[in-house]
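First comes the structure, then the notes that go with it.
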Amino acid sequence: MSKVFFKTFGCRTNFFDTQVMKENLKDFTITYDESEAQIIVINSCTVTNGADSGVRQYINKIKKQGKKIYFTGCGAKTQGQQIAPMVFGIFQHEQKEQINALLKQETPFFLTSENEKHIDSTLVSEFAGRNRAFIKIQEGCDFACSYCIIPHTRGRARSLPQDSILQQVKLLADSGIQEIVLTGTNMGSYGKDTQSSVAQLIKAIAKTPNIRRIRIGSLEPSQIDEEFLEILGESFLERHLHIALQHSHNKMLEIMNRINRFEEDYKLLETIANKGFAIGTDYIVGHPGESEKIWQEAYQNLKTLPLTHLHPFIYSPRNGTPSAQLQERINGTLAKSRLHQIKTLIEDKNRQFRIQHSQDPLSVLIEQSQDGAYIGLDQFFNRTKIIADTPIEGFVTITDYHIAQDCNIGRLP
């Protein structure tokens, strides 16, 4: 049988989608060694022009090796026409469950979107080599942020059936998965089309035997309600939330066509931080309109927020979005300086958080061993190294540890 290698770009949802394709590939052999594959399936990301460029560079590299290339993911819709001459086949998100038949086709093809309301029915049986698994609970996004192309590529928000999600959780729990990460294009919108909610789903998932911890992907501030806040004290939930603020100045949030505003964000994050949670966010610097005056005010606002983790970006224009049409571009060197400022700020906040919680036992899910240490993430989503005299795996609890600059370092006898 021909060997197939999957190359995945982008977000957690893409990684889950790749698992869906692997699950449906029956008449081929999956390999994790790119060099021995005859077929390459590229699950692409198109969130920025730079993401598109990275995918094209990879295609050019693989094409020189004479391999048969198939192209899918978010880029299939935005870049398909340009990519078509470079690959054997192109298919969309809603066609990925047909991958076994598609890879058998003897003539080149370019499939376009036919059903933007499609929801996958495949259950993923394993996440190879992992104790943690991503589980997609919804697809699509109804927001219209001015810098983002993803609603165009993923369609309107729609929820996977709860029974299907619970089946998926049980299947992975039975295979040895101990921690799940709920994900989706805009996962906070889960349930709005099915008279349910993220909070109700989490409570149902928590009843699954062998699942020790539930992590949650990115949430919008406007999607966190009283029902969700009520579950934050439950032991099955991680002690870290990622809340996508994107900026800390109301003028920039307005330009970005965001729903959230700084004053409400501040109140929400304070409420969550007071429950003992670490909090992460996405933050875009250098978006058109971010004048020096606005930046200084935004930075002062950012200082007041109880953030511990940061996923920062320098704004990158995305063709086909309103932001790409704006003329007031920010100098690249200046944007890098601003990025460095906020990274340093949140790194300091993270260390202060870990010092404040240094008497808390840490529950760490071991993911790898390296240079004599076992490495994993604790309940606060902080990297933790553990020195142990005997091999350890799964969840371990440590009380003997110290706070290093970028991680916790502990010891087990």
Sidechain-backbone polar pair: [X] side chain, [Y] backbone, donor-acceptor under 3.5 Å:
X	Y	result
E393	I366	no
Q379	S363	yes
T308	I279	yes
S196	G191	no
T18	N14	yes
N24	I99	no
T185	G140	yes
T384	N382	yes
Q168	V124	yes
S146	I255	yes

Using a strict 4.0 Å threshold on nitrogen-to-oxygen distance, state whether [X] and [Y] make a salt bridge.
X	Y	value
E179	R215	yes
D52	R318	yes
E254	R261	no
R351	D406	no
E367	R383	no
E297	K293	yes

In terms of heavy-atom contacts, does [atom1] of [X] have more than 12 from other residues, nucleotides or ligands at under 6.0 Å?
X	atom1	value
K68	NZ	yes
K67	NZ	yes
K349	NZ	yes
E263	CD	yes

Going by atom types only, do [X] and [Y] share a side-chain donor-acceptor pair under 3.5 Å?
X	Y	answer
N100	D27	yes
N43	D17	no
N350	R354	yes
Q296	Q300	no
E139	H93	no
T122	E97	yes
S189	D142	no
Q79	S44	no

So which atom in [X] and which in [Y] form the shortest heavy-atom distance, rounded to 0.1 Å?
X	Y	result
A373	I387	CB-CD1, 3.7 Å
F5	A37	CB-CB, 3.6 Å
H309	F380	CE1-O, 3.2 Å
I211	I177	CD1-O, 3.7 Å
S222	F143	OG-CZ, 3.9 Å
L171	S125	CD2-CA, 3.7 Å

Apply the test side-chain contact (heavy atoms from CB on, under 4.5 Å) to residues Q92 and H118: give CA-CA distance (whole Å), side-chain angles for both, the deciding distance (0.1 Å), then the verdict. CA-CA 11 Å; Q92 308 295 323; H118 173 81; over 6 Å; no

Close side-chain approach of [X] and [Y], heavy atoms under 4.5 Å:
X	Y	result
Q246	H287	no
V198	F228	yes
F236	I202	yes
R132	L377	yes
I180	T208	no
V4	Y70	no
E220	R258	yes
K96	D120	yes

Could you check L245 against Y283 for side-chain contact (heavy atoms from CB on, under 4.5 Å), going step by step and ending with a plain yes or no? CA-CA 7 Å; L245 304 181; Y283 202 100; 5.7 Å; no

Drop me the distance from [X]'s [atom1] to [Y]'s [atom2], to the nearest 0.5 angstrom.
X	Y	atom1	atom2	value
N331	R338	CG	CZ	9.0 Å
T399	Q359	OG1	CD	10.0 Å
Q167	L160	CD	CG	11.5 Å
I62	I40	CD1	CD1	4.5 Å
L25	I30	CG	CD1	5.0 Å
H357	D378	NE2	CG	10.5 Å

Criterion side-chain contact (heavy atoms from CB on, under 4.5 Å) on T333 and K336, from CA distance to verdict: CA-CA 5 Å; T333 301; K336 287 181 182 178; 5.7 Å; no

From CA spacing to verdict: side-chain contact (heavy atoms from CB on, under 4.5 Å), T46, K77: CA-CA 9 Å; T46 191; K77 189 167 186 177; over 6 Å; no

Apply side chain to side chain donor-acceptor pair (under 3.5 Å) to the pair Q162 and T194, showing each step before the final yes or no. CA-CA 9 Å; Q162 179 169 304; T194 59; over 6 Å; no

Any residue meeting side chain to side chain contact (heavy atoms under 4.5 Å, CB included) with S218, in chain and number order, not counting sequence neighbours: H242, A244, D282

